[in-house]
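Report on the structure given below.
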Amino acid sequence: MPKEQTPAGTGSAKSKVLWSCISVLIAAASIWAVTAQTKQESLKALGQSLASAKPFWLLMAAAGMLGFILFEGLAVRTACTAFTKRPKVRNSWNWAAADIYFSAITPSATGGQPACALLMMQDGIQGSSATAALVLNLAMYTGAILVIGLVSFILKPGLFWNFSLVSRILIGIGYLAQIGLALFFFLLVRHEALLHSICAFFLKVGAKLRLVKHPQKYMEKLAVVISEYRSCASLMLGRPGLLFKVFFYNLLQRASQIMVTVFVFLALGLSGGTGLDIWALQSYTVLGANYVPIPGGMGVTDFLMLDGFGSILSADAAANLELISRSFSFYLCIVLCGGALVLRWLLRKNQKERNPK
């Protein structure tokens with residue numbers, strides 16, 4: 001199937017539909033579980049809370065959600081400037097949309113990077129360059145999560161102990177997993193031989209399972225790609241200013257997403273805690289849910305948010321905060337990213353029809 005037939009062009013249409021349906025079911029179950037734990041018999045009370053919320057802070061929450069998409073695109077765009085002219089912001093927005101959308105509907109976010117890489121190559125970025133930029137971005141993304149988690153623990157260590165034992169275990173494992181991932185991605189950037197070994201391993205497995213025909217041909221291509229990847233990685237590592245910018249944009253991206261919850265808290269005018277408390281609790285939630293192999297961390301994220309918010313707010317207030325902030329930072333974000341991909345696909349299809357080759 002030609003790449004242009006789908007918005008992101010990765011995987012089969014059936015697998016995309018399957019994971020999308022699974023994600024919708026998990027989302028519905030998560031929302032039902034949250035409302036079932038409170039005294040609210042329906043979403044009517046939630047609607048009343050939203051209607052009485054302060055519009056300015058809701059707009060700020062929406063801005064935070066948009067920032068989550070924008071700053072990821074800017075981070076990848078900045079990484080690409082090491083080996084190509086500065087890509088258009090519009091293109092980088094679509095790259096981020098592909099990463100976020102497919103990360104949200106596939107286990108362990110496995111579909112996000114391939115989808116993003118494909119769009120980058122469609123926009124003229126060489127495959128090895130796209131790979132190097134995305135690996136660097138992953139390293140900085142993971143580092144940003146670690147920094148935010150560390151800052152939250154320094155400023156609000158007591159709130160960590162407000163979580164239940166199960167949640168504290170998830171957060172602790174999550175932090176250790178992020179450290180491991182950060183080291184792994186850093187090694188991938190610094191030592192292309194490791195990346196070559198990983199790719200070669202999967203090619204051999206694919207050949208044994210008869211999923212890959214003529215593996216030797218792919219091995220030869222892999223050697224060429226790794227050589228190009230080495231050059232791209234060297235260009236990036238030789239520019240410390242660029243590395244800092246990529247990290248800074250990732251820091252802004254994570255902060256934007258966490259601030260969505262803080263803004264919703266302010267919009268609802270809840271009492272029982274401060275904006276800094278909500279920031280720290282949401283940061284811990286990100287650490288605990290980020291490594292769980294469930295599409296979008298759904299279910300686990302909801303559990304951690306309710307557990308943390310419930311330690312300083314009433315059950316109904318915690319549920320309202322969780323549902324509304326999650327609607328902005330995740331569900332609305334996914335709809336927007338999916339819409340951006342569909343729009344890109346339609347525009348490219350229309351362009352091809354007008355200018356057939």
Side-chain angles (χ1 to χ4, degrees), residues 3-4 7-10 66-103 109-145 181-182 184-192 194-196 199 221-222 224-256 337 340-341 343-345 347-348 351:
K3 291 179 180 178
E4 305 302 333
T10 58
L66 294 174
F68 178 68
I69 306 172
L70 176 64
F71 289 127
E72 172 166 352
L74 291 177
V76 179
R77 177 173 178 258
T78 300
C80 289
T81 59
F83 34 75
T84 186
K85 63 180 182 179
R86 192 178 298 275
K88 297 179 180 178
V89 174
R90 180 181 69 248
N91 290 342
S92 64
W93 173 276
N94 288 325
W95 302 345
D99 187 5
I100 292 169
Y101 179 79
F102 284 97
S103 292
T110 50
Q113 296 297 306
C116 183
L118 177 59
L119 264 63
M120 292 174 72
M121 288 186 285
Q122 288 178 351
D123 292 331
I125 305 297
Q126 191 175 7
S128 55
S129 300
T131 301
L134 290 174
V135 171
L136 173 66
N137 190 59
L138 275 173
M140 297 303 181
Y141 175 86
T142 306
I145 295 176
L181 284 172
F184 175 70
F185 291 134
F186 181 75
L187 287 174
L188 286 183
V189 177
R190 296 279 303 189
H191 304 287
E192 70 284 346
L194 177 60
L195 181 61
H196 182 277
C199 294
K221 289 184 178 180
L222 177 62
V224 175
V225 170
I226 291 298
S227 177
E228 296 172 347
Y229 171 88
R230 183 189 305 116
S231 300
C232 294
S234 297
L235 284 173
M236 291 189 297
L237 292 173
R239 298 177 59 180
L242 179 142
L243 298 180
F244 175 78
K245 287 181 180 179
V246 175
F247 173 77
F248 184 65
Y249 279 133
N250 274 282
L251 199 62
L252 289 177
Q253 186 206 13
R254 295 312 311 185
S256 294
C337 289
L341 295 178
L343 179 60
R344 174 191 167 97
W345 172 65
L347 290 175
R348 290 178 66 88
Q351 185 178 18

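Every heavy atom of this structure was used, including side-chain atoms; hydrogens, water molecules and symmetry mates were not.
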> Taking atom CD of Gln253 and atom CD1 of Ile100, what is their separation to the nearest 0.5 Å?
Replying inline: 6.0 Å
> Between Tyr249 and Glu72, is any pair of side-chain heavy atoms under 4.5 Å apart?
Replying inline: no
> Roughly how far, to the nearest 0.5 Å, is CZ of Phe244 from CG of Leu251?
Replying inline: 8.5 Å
> If you measure from CZ on Phe247 to OG1 on Thr142, what distance do you get to the nearest 0.5 Å?
Replying inline: 11.0 Å
>> Do Leu134 and Cys116 have side chains that approach each other closer than 4.5 Å (heavy atoms only, starting at C-beta)?
In response: yes
> Should Asp123 and Arg344 be marked as a side-chain contact (heavy atoms from CB on, under 4.5 Å) after you check the CA-CA gap, both sets of side-chain angles, and the distance that decides it?
Replying inline: CA-CA 11 Å; Asp123 292 331; Arg344 174 191 167 97; 3.2 Å; yes
> Which heavy-atom pair separates Val246 from Ala75 by the least distance, and what is that distance?
Replying inline: CG2-O, 3.8 Å
> Would you say Met140 and Leu243 make side-chain contact, with heavy atoms under 4.5 Å?
Replying inline: yes
> Do Asp99 and Tyr141 have side-chain heavy atoms sitting under 4.5 Å apart?
Replying inline: no
>> So, taking the atom named CZ in Arg86 and the one named SG in Cys80, what distance separates them when rounded to the nearest 0.5 Å?
In response: 10.5 Å
> Side chains of Leu138 and Leu181: closer than 4.5 Å at any heavy-atom pair?
Replying inline: no
>> Which residue in the set Cys337, Ser256, Ser92 passes side-chain contact (heavy atoms from CB on, under 4.5 Å) when paired with Ile69?
In response: Cys337
> Hey, mind stepping through Leu66 and Trp93 against side-chain contact (heavy atoms from CB on, under 4.5 Å) and telling me if it holds?
Replying inline: CA-CA 10 Å; Leu66 294 174; Trp93 173 276; 4.0 Å; yes
> Less than 4.5 Å apart, any side-chain heavy atom of Lys245 and any of Thr81?
Replying inline: no
> When rounded to the nearest 0.5 angstrom, what distance separates CE in Met121 from CG in Leu119?
Replying inline: 9.5 Å
> So, for Arg254 and Ala144, which heavy atoms are closest and what is the spacing to 0.1 Å?
Replying inline: CG-CB, 4.2 Å
> Can you find a pair of side-chain heavy atoms, one from Leu242 and one from Leu136, that are under 4.5 Å apart?
Replying inline: yes
> How many angstroms lie between atom CZ of Arg77 and atom CD1 of Ile125, to the nearest 0.5 angstrom?
Replying inline: 11.0 Å
